[in-house]
Amino acid sequence: MSIFNAFNASASALTANRLRMDVISSNMANANTTRATINENGEYEPYRRKMVNIEPTDKSFQSFLQKAQNKSTSPTTGVKVTRIVEDEEPFKLVYDPTHPDANEEGYVLMPNVDPLKEMVDLMSATRSYEANITALNASKSMLMKALEIGR
């Protein structure tokens, strides 16, 4: 077991949560974008909310068993971003006949971004980021104390 496993785990979580915050910021910035992409019919579509999938770097039972028995030699700790997916929730229909993208009935397709949900996700990502900084600082402090003992 390496003394840097805690650093590696915290560093991977910091990177993943930073990406989460970036994607959430992008969602918030495009909450009113009605012309983000062109679909297969050649028509404009609103911005579609994006989400980050995060998984452990090693999730096999054998690896957990070996780690529990202290027989693991692999330094696979932490998390990884597996992909960024688009939310398949339907777009919102808003009645605004003065909008340039309104259809014949006066409805506009708006992005499926809910600012309240995004703010909750942003707070969660921020708290996770802060917790990993705290864990990183605690690991650093323990290693520094161990070095002081060795003097």
Side-chain angles (χ1 to χ4, degrees), residues 1-40 43-94 96 99-101 108-151:
M1 183 174 153
S2 172
I3 62 171
F4 297 111
N5 279 352
F7 289 125
N8 293 338
S10 292
S12 69
L14 287 171
T15 302
N17 282 305
R18 175 57 194 232
L19 180 62
R20 272 181 69 198
M21 288 188 274
D22 289 344
V23 168
I24 292 167
S25 298
S26 175
N27 289 343
M28 291 293 287
N30 288 295
N32 293 317
T33 303
T34 57
R35 294 184 182 194
T37 58
I38 298 177
N39 63 14
E40 61 273 353
E43 301 167 341
Y44 282 104
E45 275 191 349
Y47 177 82
R48 191 169 289 277
R49 178 178 183 250
K50 293 175 179 46
M51 300 175 294
V52 177
N53 284 353
I54 300 173
E55 293 180 0
T57 53
D58 192 5
K59 54 186 174 184
S60 68
F61 178 75
Q62 183 68 24
S63 67
F64 287 117
L65 183 63
Q66 287 179 349
K67 285 178 188 173
Q69 296 173 342
N70 290 327
K71 295 180 182 176
S72 178
T73 58
S74 65
T76 55
T77 58
V79 296
K80 64 181 176 181
V81 174
T82 55
R83 61 189 170 165
I84 298 175
V85 296
E86 291 186 343
D87 190 359
E88 293 301 320
E89 188 175 312
F91 296 120
K92 300 177 211 169
L93 272 177
V94 176
D96 185 4
H99 196 282
D101 293 329
V108 181
L109 277 177
M110 296 299 285
N112 60 353
V113 176
D114 181 9
L116 184 62
K117 187 186 291 185
E118 297 301 320
M119 288 305 296
V120 170
D121 287 348
L122 183 61
M123 287 171 39
S124 171
T126 304
R127 295 296 180 257
S128 295
Y129 193 88
E130 290 170 354
N132 280 289
I133 288 176
T134 301
L136 189 75
N137 286 336
S139 297
K140 183 177 81 170
S141 176
M142 284 188 280
L143 286 176
M144 292 301 292
K145 291 291 182 186
L147 286 174
E148 287 177 13
I149 292 171
R151 283 195 226 177

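Start at 1 with the first residue, then count along the sequence.
Side-chain contact between Lys145 and Met142: absent, with no pair of heavy atoms (C-beta onward) separated by less than 4.5 Å. No side-chain heavy atom of Lys92 sits less than 4.5 Å from a side-chain heavy atom of Pro46. Proximity of Leu19 to Ile84: side-chain heavy atoms (C-beta onward) are separated by under 4.5 Å at one or more points. Contact check for Thr82 versus Ile54: no side-chain heavy atoms found under the 4.5 Å cut-off. In this structure, Met21 and Leu122 have side chains that are in contact, with non-hydrogen atoms separated by less than 4.5 Å. By the 4.5 Å heavy-atom criterion applied to side chains, Tyr44 and Thr37 are not counted as neighbours.
Within 6.0 Å of the CE atom in Met123, the count of heavy atoms belonging to other residues, nucleotides or ligands does not exceed 12.
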> Where do His99 and Thr34 land on the side chain to side chain contact (heavy atoms under 4.5 Å, CB included) test, with the steps shown first?
Replying inline: CA-CA 10 Å; His99 196 282; Thr34 57; 3.7 Å; yes

>> Between Arg18 and Asp22, is the salt bridge (Lys or Arg N to Asp or Glu O under 4.0 Å) condition met? List the steps.
In response: CA-CA 6 Å; Arg18 175 57 194 232; Asp22 289 344; 3.4 Å; yes

> Can you list the steps and then say if Asp101 with Arg35 is a salt bridge (Lys or Arg N to Asp or Glu O under 4.0 Å)?
Replying inline: CA-CA 8 Å; Asp101 293 329; Arg35 294 184 182 194; 2.6 Å; yes

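Side-chain atoms of Ser141 never come within 3.5 Å of backbone atoms of Asn137 as a donor-acceptor pair (strictly under, hydrogens ignored). Between the side chain of Ser10 and the backbone N or O of Phe7 there is no donor-acceptor pair closer than 3.5 Å. Checking side-chain atoms of Arg48 against main-chain N and O of Asp87 turns up a donor-acceptor pair under 3.5 Å.
Separation of atoms NZ (Lys117) and CG (Asn112) is listed at 8.0 Å; rounding is to 0.5 Å. Taking CG from Asn17 and CD1 from Ile133, the interatomic distance works out to 10.0 Å, rounded to the nearest 0.5 Å. Remark: Glu130 CD to Leu14 CG distance equals 11.0 Å, nearest 0.5 Å. A distance of 11.0 Å separates OG1 of Thr134 from CZ of Arg127, quoted to the nearest 0.5 Å.
Here the shortest heavy-atom pairing between Val23 and Lys50 reads CG1-O, 3.5 Å. The minimum heavy-atom distance between Asn53 and Val85, with the atom names listed, is ND2-CG1, 3.9 Å. The heavy-atom pair separating Asn27 from Val113 by the smallest distance is O-CG1, 3.6 Å. Taking both residues in full, the closest heavy atoms of Phe91 and Tyr47 are given as CE2-O, 3.5 Å, listed atom of the first, atom of the second, then distance. Here the shortest heavy-atom pairing between Val79 and Ala13 reads CG2-CA, 3.7 Å.
The only option from Glu89, Glu118, Glu86 that meets the salt bridge (charged side-chain N to carboxylate O under 4.0 Å, His left out) definition with Arg49 turns out to be Glu118.
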